[in-house]
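Let me begin by presenting the structure, written as structure tokens, before commenting on it.
So that the names make sense, note that chain A is the first sequence line, chain B the second, and so on, each numbered from 1. A quick note: this is a predicted structure, and the numbers were derived from the prediction, not measured.
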Amino acid sequence: MSRSTSPVPFVNDLFDPVPDTGPYREALAPGAVILRNFARDRVEEMAEAIRGVLRRAPLKAMHTPGGLPMTVKTSSCGNAGWVSDEHGYRYARVRAHGASEWPPIPEPLMQLALAAARAADYPDFVPDFCLINYYRPGAKLGLHQDKDERDPNAPIVSLSLGLPAEFLFGGNERSDKTRTVWLYSGDVVVWGGPSRMAFHGVKPVADGIDPVFGHCRVNLTFRKAL
DNA sequence: GAGTATCG
DNA sequence: GGTA
């Protein structure tokens with residue numbers, strides 16, 4: 001009960017803890033589902049894979065097309081890198097002159113994305129790109145759509161790691177009503193079909209300590225971008 | 001346009 | 001919600 005509404009357990013939970021649940025599905029919207037605890041047993045493995053990517057493609061603070069800095073830092077792996085600057089949002093197949101290629105999607109991450117897509121009834125999904133979003137406490141992401149990918153039939157697979165966060169999920173228009181759900185380390189959200197272009201965002205992340213990630217939240221979105 | 005302020 |  002406390003887990004589904006707040007990251008802070010009731011005092012009673014400390015004395016009479018609710019047993020951890022295993023993986024289960026939660027409907028979010030038509031075509032969209034939350035796979036609770038989907039990667040819970042593989043969080044350390046995910047962390048190690050992410051560390052490997054970030055060594056080769058360090059996190060960077062992007063700016064919006066309007067020129068203002070984003071609070072979230074990003075990196076990329078797969079066949080492109082996500083770029084936001086004064087020219088807009090885009091996927092860059094090649095890195096800046098002098099830089100090596102984007103690191104490939106690590107195999108454990110790829111396998112997790114494929115399994116999650118299958119569990120969410122998108123069995124044909126094969127991502128070619130993964131965006132790494134890194135949130136320090138206070139970082140947030142305003143309501144937006146993922147609409148720069150070539151194939152609108154491919155879903156988005158989103159893995160949450162580290163500190164919990166409130167995720168906003170709306171409809172195809174910015175003014176549509178949004179649902180707010182807490183996402184915890186190891187949860188996966190998949191949206192596609194009628195929800196593929198749904199507006200979504202993340203509220204400012206509250207400080208805390210995650211046993212594996214410490215004072216940060218890391219979100220991975222797997223996409224068919226090219 | 002994944003940001004923010006301000007106005008109506 | 002539109003505009004800057």
Pair assignment for dG3(B), Watson-Crick or G-U wobble, requiring both distances under 3.5 Å | none

Which nucleotide in the set [options] lies at the smallest distance from any side-chain heavy atom of [X]?
{"X": "M70(A)", "options": "dG1(C), dG1(B), dG3(B)", "answer": "dG3(B)"}
{"X": "Y89(A)", "options": "dG1(C), dG3(B), dG1(B)", "answer": "dG1(B)"}
{"X": "K140(A)", "options": "dG1(B), dG3(B), dT4(B)", "answer": "dT4(B)"}
{"X": "L141(A)", "options": "dG3(B), dT4(B), dG1(C)", "answer": "dG3(B)"}

Is it possible for you to check whether R217(A) lies under 6.0 Å from the centre of the six-membered ring of Y135(A), through NZ or CZ, and within 45° of that ring's axis?
-> yes

Ionic contact status for R90(A) with D148(A), cut-off 4.0 Å = no

Please give, in whole Å, the distance from [N] [atom2] to [X] [atom1]?
{"X": "H63(A)", "N": "dG3(B)", "atom1": "NE2", "atom2": "C1'", "value": "12 Å"}
{"X": "Y91(A)", "N": "dG1(B)", "atom1": "OH", "atom2": "P", "value": "18 Å"}
{"X": "N133(A)", "N": "dG3(B)", "atom1": "CG", "atom2": "P", "value": "11 Å"}
{"X": "K177(A)", "N": "dG1(C)", "atom1": "NZ", "atom2": "C1'", "value": "19 Å"}
{"X": "D85(A)", "N": "dG3(B)", "atom1": "CG", "atom2": "P", "value": "15 Å"}
{"X": "E173(A)", "N": "dG1(B)", "atom1": "CD", "atom2": "P", "value": "16 Å"}
{"X": "K203(A)", "N": "dG3(B)", "atom1": "NZ", "atom2": "C1'", "value": "18 Å"}
{"X": "L143(A)", "N": "dG1(B)", "atom1": "CG", "atom2": "P", "value": "14 Å"}

Touch class at under 4.0 angstrom, heavy-atom based, for [X] against every strand present:
{"X": "G142(A)", "result": "sugar-phosphate"}
{"X": "S84(A)", "result": "nothing"}
{"X": "D146(A)", "result": "base"}

Would you mind reporting whether K203(A) and K140(A) have side-chain heavy atoms less than 4.5 Å apart?
-> no

If you draw a 6.0 Å radius around CD in E173(A), do more than 12 non-hydrogen atoms from other residues or ligands fall strictly inside?
-> no

Distance test, side-chain N/O of T64(A) to OP1/OP2 of dG1(B), below 4.0 Å | no

Is the closest side-chain donor-acceptor distance between D85(A) and H63(A) under 3.5 Å?
-> no

